[in-house]
Amino acid sequence: MENSRQQIDSLHTSCIGLIKDGYLDQAYEGLLQGSSMLSSCVRGSPPVHLKSTAAINQRHSEIYVCSDESEEETDDGTTDFYPHPFDFEYADDLPSSPSRSQPDLTSSQYETSALVFLFNLGVCCHLAWEQDQSNLRYLVKASEFYQRAIAFLQNKDRTTFVPTGTVLKVLLAITINAAHCSATLLLRDRVALWESILHDLLRFASTDIFNSKDYRFMRGLLFQRPNQMITAKAA
């Protein structure tokens with residue numbers, strides 16, 4: 001169990017370093033490998049003390065998700081999408097079990113990890129397009145990863161699932177980036193869809209959340225209108 005978690009955690013962290021250093025092809029291949037490892041993990045229920053809540057909604061000790069705030073502070077506002085990968089870290093062990101087959105990950109650990117893997121795969125493709133904007137296949141591929149990631153939200157019970165903290169930030173980043181891909185590809189219907197999802201997510205944000213340091217860079221992206229963006233790109 002711990003070996004699987006450590007391998008996934010270590011591989012993912014090394015891929016984050018590759019993205020930051022500009023080795024996008026290597027990062028992409030590593031993230032695909034990590035996603036495959038994650039999919040093969042045995043998943044179990046959350047620990048007993050977490051079963052009464054939707055575990056992924058909380059920044060509890062099971063798993064942490066974070067972004068590099070120091071890099072966000074240096075952004076000059078010239079990009080129209082969120083270019084920073086997210087990282088995660090498994091914390092507490094699963095409780096010991098007398099069963100012969102002990103899970104590698106709880107269900108909430110798996111869901112959070114998968115969400116971050118998919119976003120970072122999308123960012124790899126998005127950044128590759130930024131380096132070669134004539135190759136729109138990168139944007140198409142990025143869109144596919146963002147769509148797979150947001151499907152996680154769409155499959156949740158909206159009456160009980162309330163995304164907060166960094167998980168909300170990941171979902172907002174996914175939506176912003178997907179809207180940017182669709183706008184650049186001039187897919188008006190898709191832009192409208194992502195704008196609707198964005199508005200849905202913003203209902204979960206507290207009124208002062210975008211004044212926080214963690215959302216400083218994202219704030220400008222959130223409140224630009226994707227339909228205005230597509231009009232500008234089509235001009």
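All figures in this text were calculated on a predicted structure; none of them were measured in a lab. Numbers here are sequence positions counted from 1.
- Residue-environment remark: CG (Asp21) exceeds the threshold of 12 foreign heavy atoms within 6.0 Å.
- Note that the CD1 atom of Ile8 and the CZ atom of Arg5 stand 9.5 Å from one another [nearest 0.5 Å].
- Not counting sequence neighbours, Asp25 has no partner by the side-chain hydrogen bond (donor to acceptor under 3.5 Å, both in side chains) test.
- Asn135 pairs in a side-chain contact (heavy atoms from CB on, under 4.5 Å) with only one of the listed residues (Gln131, Arg137, Gln133), which is Arg137.
- The two atoms that bring Cys125 and Phe145 nearest to each other are SG-CE1, 4.0 Å, heavy atoms only.
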Self-check item: Intermediate values then yes/no, side chain to side chain contact (heavy atoms under 4.5 Å, CB included), Cys124 and Ile19
Solution: CA-CA 7 Å; Cys124 273; Ile19 293 174; 3.7 Å; yes
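- Clustering ILVMFWY residues whenever any of their side-chain heavy atoms sit less than 4.5 angstrom apart, transitively, puts Leu121 in the very cluster that holds Tyr138.
- For the atom pair CD (Glu111) and CG (Leu105), the distance works out to 11.0 Å, reported to the nearest 0.5 Å.
- Side-chain heavy-atom separations under 4.5 angstrom define the hydrophobic clusters, and Ile16 shares its cluster with no other residue.
- Atom NE2 of His84 sits about 9.5 Å away from atom NZ of Lys20, to the nearest 0.5 Å.
- With sequence neighbours left out, the side-chain contact (heavy atoms from CB on, under 4.5 Å) criterion links Leu193 to Arg190, Ile197.
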Hey, can you pull the donor-acceptor pairs under 3.5 Å for the side chains in residues 27-35, sequence neighbours left out?
{"from": "Ser35", "atom 1": "OG", "to": "Leu31", "atom 2": "O", "distance (Å)": "2.9"}

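- In this structure, OG1 on Thr13 lies 4.0 Å from CG on Asp87, to the nearest 0.5 angstrom.
- Using modelled atom types, no side-chain atom of Ser10 and backbone atom of Gln6 make a donor-acceptor pair closer than 3.5 Å.
- Across every non-hydrogen atom of Val123 and Pro83, the tightest pair is CG1-O, 3.5 Å.
- To the nearest 0.5 Å, atom CG of residue Leu201 and atom CD1 of residue Ile174 are 9.0 Å apart.
- Annotation: salt bridge (charged side-chain N to carboxylate O under 4.0 Å, His left out) contacts of Glu130 (sequence neighbours excluded): none.
- Here Phe119 and Phe86 bring their ring centres to under 6.0 angstrom of each other.
- The closest donor-acceptor contact from the side chain of Ser182 to the backbone of Ala179 lies at 3.5 Å or more, if one exists at all.
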Practice problem: Tell me, with the steps shown, if Phe117 and Phe88 meet side chain to side chain contact (heavy atoms under 4.5 Å, CB included). | Solution: CA-CA 10 Å; Phe117 263 109; Phe88 61 80; 3.8 Å; yes
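- You'll find the ring centres of His180 and Trp129 inside the 6.0 Å limit.
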Exercise. Apply side chain to side chain contact (heavy atoms under 4.5 Å, CB included) to Asp80 and Ile176, showing your working.
Key: CA-CA 9 Å; Asp80 291 326; Ile176 289 168; over 6 Å; no
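- Summarising the geometry, atom CG belonging to Leu187 is positioned 7.5 Å from atom OG belonging to Ser143; distances are rounded to the nearest 0.5 Å.
- Applying the side-chain hydrogen bond (donor to acceptor under 3.5 Å, both in side chains) test to Ser134 and every residue at least two apart in sequence or in another chain returns Asp132.
- Inspection of the Tyr82 and His126 side chains reveals no N or O donor paired with an N or O acceptor under 3.5 Å.
- Residues passing the side-chain contact (heavy atoms from CB on, under 4.5 Å) test with Ser39, sequence neighbours excluded: Tyr110.
- Both Leu24 and Val116 are members of a single hydrophobic cluster when ILVMFWY side chains are connected at heavy-atom separations under 4.5 Å.
- For Glu144, the side-chain hydrogen bond (donor to acceptor under 3.5 Å, both in side chains) criterion is met by Lys141, not counting sequence neighbours.
- Each side chain to side chain donor-acceptor pair (under 3.5 Å) pair with one or both residues in residues 115-125, not counting sequence neighbours, appears once here: His12-Asn120.
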